[in-house]
Amino acid sequence: MKTSLPRLVRNHRPTTFLRILTHSPRWSSSLSQRPGAAGVTFPGAVNSKFTSALTFEHPSTYPAIPTYRCTSPDGHLIDSTILPCPDALALAMYENMISVSIMDLIMFDAQRQGRLSFYMTSQGEEGTCVGSASALEKGDVVFSQYREAGVFVQRGYKLSDFMAQLFANRRDGGKGRNMPVHYGSKELNIHTISSPLATQIPQAAGAAYALKMQRLQNPDLPPRVVACYFGEGAASEGDFHAALNIAATRSCPVIFICRNNGYAISTPTLEQYRGDGIASRGTGYGIDTIRVDGNDIFAVREATLKARELALKDGGRPVLIEAMSYRISHHSTSDDSFAYRARVEVEDWKRRDNPITRLRKYLENKALWDDEREAEARTRIRRDVLKAFGDAEKELKPPLRAMFEDVYEEMTPEIRAQMGELREILDTYPAEYDVGEFEGGKDSLEK
Ligand SMILES: Cc1ncc(C[n+]2csc(CCOP(=O)(O)OP(=O)(O)O)c2C)c(N)n1
């Protein structure tokens, strides 16, 4: 007996669980073409109208997506629709931004002195990171690239945590295995940074899907989103495409936050893409998208608050924020950016507008800040950074055994054998290897 498709559908009674899961509506109830219709109902693009004009769409016929800003360069709020940020939070965000910038200066110099192997600063992008992180809830899950120290500070990562990772000492949660700046924190729900660009973007989409499933199974759980940070250079990776498309089609509650700072090492954006930045791609994937002024911490905060709301609406969906800024620093301590850009360009951006001076002007306008407080805060933070630096530099390295652990959850017999071999080498040539700076010396290794 033949059964028509609608009947099958009608007879199928999905459980509540399944019904919510497949909540994304079909384009329309019927995909057949009505005679004489002005619109097309090809299943691939149902809202398209027929046209007899042979025209190619060209990006230049569309205006560039505007950049949302709610604070003027002299620190006055210009969007009357937003609720003013509580003073205590504005002050905390300001201190967090200067903490990042002071730590950056000290650690950059320390690398130049050879006291740590590598460093990357986030000068000019403190506002994007601190502002967006201030709009997230504690339980929200974060994935980042490497220039997001502000996110870590805003979520409660301590100076001692930064230093333990940078000096790869035994207090480092990552057991000293990663290059400097590859921070991570399970307690703060921030996934550990890894070097391969953009790999975290599809992982973030997957994590957001998992959060959505957890809440479907247990609606009493608090709503959570994933925030995923990456640069405009990383957005050229295939992983960016995979992530945004799967997040859109699976309706995942994830906020993609692109830091567009104008450069990917020596590559300027003109060689990175020819469209209207990264934001214009969001709408192509069917994703709610906004471009914001990354030098305006309140604009970033407001956009992220709103994005979080959207991401949790109707069971979940992705949102894209493109935060515009300028990479004031060299790409890393391995880069001299004056080899490919003019010094004057950098100086101009440093002085003309940056997230720290803009928030400072706002605080001064409200009589919450002045030169005296600035001097006190800078002296205090500098002292705290140097203290954490000194403590971390003196601390022992993790036990040598940590090199062999966590490759798999359990050590395999082969890995155990390699650990034994290392122990034998150290026993045979004690004068060749100084293992005194590693916790427990060679005794952490089993024969
Ligand atoms: C898959 C991959 N390709 C290349 C690199 C080398 N690399 C490291 S950072 C970087 C530039 C990234 O630029 P962007 O994403 O714009 O971030 P920004 O450094 O400007 O913050 C490149 C090419 C890498 N780490 N991973």
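Order of appearance sets the numbers: ligands from 1, and atoms from 1 within every ligand.
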Treating N169 as the side-chain partner and K397 as the backbone partner, does any N or O pair qualify as donor plus acceptor under 3.5 Å?
no
Output a table of donor-acceptor pairs, distance under 3.5 Å, between side-chain atoms of residues 58-66 and any protein atom two or more places apart or on a different chain; print 'none' if there are none.
unit_1	atom_1	unit_2	atom_2	d
H58	ND1	S60	N	3.0
H58	ND1	S60	OG	2.7
T61	OG1	H58	O	2.6
Y62	OH	E57	OE1	2.6

Against the six-membered ring of F298, is R69 placed for a cation-pi contact (under 6.0 Å from the centre, within 45° of the normal)?
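Verdict for F298: no cation-pi partner in R69.
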Expected contact list for ligand 1 at under 4.0 angstrom, heavy-atom basis, is Q145, Y146, R147, S195, P196, L197, G231, E232, G233, A234, E237, R259, N261, Y263, A264, I265, H331
Verify whether the ring centers belonging to F167 and F389 lie closer than 6.0 Å.
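Centroid separation for F167 and F389: below 6.0 Å.
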To the nearest 0.5 Å, tell me how far N354 CG sits from R351 CZ.
11.5 Å
From K361 atom NZ to H76 atom NE2, the distance as rounded to the nearest 0.5 Å:
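The NE2 atom of H76 is 10.0 Å from NZ of K361, to the nearest 0.5 Å.
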